[in-house]
Amino acid sequence: MRRSLRRSVDVWGETTITTETPRLRTVENACYLPFVHAGPWGVFDAEHRIVEEGVDYLGTERHLHNQVVDWPPGLPTPTEEAPEEHYIYLGQLNPHYGHFIINTLARFWPLLDAGRPRLPILCHSYFGGHELLAGCSFVVDILERLGLRLGDITVYDRPVRVRRLTVVAPALHEVASAHPLMAALGEAIGRTSLEGVAIDAEARPVYLSKARLTAYVQRIENEEEMTETLSRSGVDVIYPETLTFDEQVRLFAQRRTIIASIGSALHTALFAPPGRSMVVLTPNPAINATYLLIDALKSNRSRYFHPQGMTSVQAGSRQLLYLADPKRTAEELLVRVAHPEVSDAWDELDTSPTWHTSPSIPPLPSQLRRRRLLRMRAP
């Protein structure tokens, strides 16, 4: 069997688990500029300097996304004043499932402290405001677990001055670092979903498919050819967007093995019990560090693999991926799930110094060949 998957070991970004508590910075006479796509928005101090704790930087190089952090030239300090004396700022309300988890929720950690006085919440919204978010059931469900409704969160569509504003730094910086508070937040949100759930009770693996997604950044376009083989071999194929938030968390808790191509659905592991076992296909040899940060926070047993010969086509903002041989990829996934010892042996061979001199993928070590493990299939 010529193998089609190679273990991904390189990382895009940093995977620092920090013990330094995220900062809380209180700003007097803060200035709030409303969200403007790719324009100047955010919270600024009285001298019109951006409040760094309120910015979603990407990576240790602190790249910006859809935000300009310089005060617009000639714009005066807002004259309209927010009605409350003191607010807490919790960043941007992002309606995308994955970014809501890793960017928006990452600032909600102060709500875990029952002894902390609850201040009025101030946020920035995305296109569509609360109306768009109200249609995202996962947003409503997650906020409810924190004792909140959308109506409890203030968003302005115009510049406003805030007399006193406490700005919360995130407990997770995308592709950079994370603090255990992020795991504690996930545990608190997922607790209700896990009531009465038997952890790891279902041995049948599950594959999280993107085939029915209509809004996506990237997906495997010929995925269904792979999932047909997986399904015939006893893997349940699930479409996460058809499940409620509760159902997704319970799925992660009950299944002993999750198979997926890399994507936002995997962030559900943050709300599930620790120690999840996941086998993940990646479009690039390097793994996005954010997934590894969540793995580290949750002590997950995740393995990432890059399909050899995968091609991609850029279609506007979407990346369309194609497996070279979907059936063979499925067959190898089945072996790697059912026989991790075989998978580990392959990975050791892949990282050997002689890999690059071999004209084809090396065979299994003789002791594993004798056991004929390659002919076995997952239950």
Side-chain angles (χ1 to χ4, degrees), residues 90 93-109 111-112 114 121 130-153 171-172 181-216 235-280 290-291 294-295 297-302:
L90 299 180
L93 298 170
N94 196 310
H96 179 274
Y97 182 74
H99 288 289
F100 183 82
I101 292 172
I102 63 174
N103 298 129
T104 300
L105 272 186
R107 297 181 192 275
F108 278 58
W109 57 266
L111 303 185
L112 293 174
I121 296 172
H130 280 15
E131 293 77 14
L132 173 62
L133 292 164
C136 301
S137 59
F138 65 87
V139 172
V140 176
D141 290 343
I142 290 173
L143 291 179
E144 186 179 72
R145 306 295 176 82
L146 297 171
L148 295 172
R149 297 170 302 166
L150 273 173
D152 297 324
I153 300 174
L172 186 150
L181 279 168
M182 192 70 187
L185 184 64
E187 179 183 346
I189 293 168
R191 190 173 296 125
T192 301
S193 300
L194 299 177
E195 290 177 358
V197 172
I199 309 302
D200 290 336
E202 179 55 72
R204 286 169 64 89
V206 63
Y207 178 80
L208 307 181
S209 174
K210 295 183 181 180
R212 297 181 184 176
L213 278 177
T214 55
Y216 59 91
V235 176
D236 290 329
V237 178
I238 300 293
Y239 306 92
E241 69 277 9
T242 67
L243 304 179
T244 66
F245 176 71
D246 267 343
E247 289 169 339
Q248 291 185 62
V249 176
R250 288 196 288 266
L251 180 75
F252 269 73
Q254 292 170 323
R255 299 293 177 134
R256 295 180 193 171
T257 305
I258 303 287
I259 310 171
S261 62
I262 205 162
S264 297
L266 293 175
H267 295 333
T268 304
L270 189 69
F271 312 107
R276 299 300 85 205
S277 177
M278 296 186 284
V279 176
V280 184
T290 301
Y291 295 88
I294 294 176
D295 285 341
L297 289 173
K298 301 293 294 187
S299 301
N300 291 330
R301 303 183 304 277
S302 298

### Message
Run the side-chain hydrogen bond (donor to acceptor under 3.5 Å, both in side chains) test against Thr290 and tell me which residues pass, sequence neighbours left out.
### Response
Asn288

### Query
Looking at residues at least two apart in the chain, or sitting in another chain, which of them share a side-chain hydrogen bond (donor to acceptor under 3.5 Å, both in side chains) with Asp236?
Arg204, Arg255

What pair of heavy atoms forms the shortest contact from [X] to [Y], and how long is it?
X      : Y      : answer
Pro95  : Leu132 : CG-CD2, 3.7 Å
Val237 : Ser209 : CG1-CB, 3.8 Å
Asn300 : Met278 : ND2-CE, 3.8 Å
Ile102 : Ile294 : CG2-CD1, 4.3 Å
Asp152 : Gly147 : OD2-O, 4.3 Å

Would you find a donor on one side and an acceptor on the other, under 3.5 Å apart, between the side chain of [X] and the backbone of [Y]?
X      : Y      : result
Ser277 : Thr257 : no
Lys298 : Ala272 : yes
Lys210 : Ala260 : no
Arg276 : Ala253 : yes

### Query
Under the side-chain hydrogen bond (donor to acceptor under 3.5 Å, both in side chains) rule, what pairs show up with a residue in residues 261-271, not counting sequence neighbours?
Tyr97-Thr268

So, taking the atom named [atom1] in [X] and the one named [atom2] in [Y], what distance separates them when rounded to the nearest 0.5 Å?
X      : Y      : atom1 : atom2 : answer
Asp295 : Leu270 : CG    : CG    : 11.0 Å
Ser137 : Glu241 : OG    : CD    : 11.5 Å
Ile101 : Phe271 : CD1   : CZ    : 4.0 Å
Arg107 : Leu90  : CZ    : CG    : 8.5 Å
Phe252 : Leu208 : CZ    : CG    : 5.0 Å
Leu146 : Ile189 : CG    : CD1   : 4.5 Å

Side-chain heavy-atom pair [X], [Y] within 4.5 angstrom cut-off:
X      : Y      : answer
Tyr291 : Leu266 : yes
Phe108 : Ile142 : no
Gln248 : Ser193 : no
Phe245 : Arg145 : yes
Asn103 : His96  : no
Leu150 : Leu143 : yes

### Check against side-chain contact (heavy atoms from CB on, under 4.5 Å), Leu93 and Val139
CA-CA 9 Å; Leu93 298 170; Val139 172; over 6 Å; no

### Query
What residue among Leu194, Val197, Thr244, Leu243 forms side chain to side chain contact (heavy atoms under 4.5 Å, CB included) with Val249?
Leu194

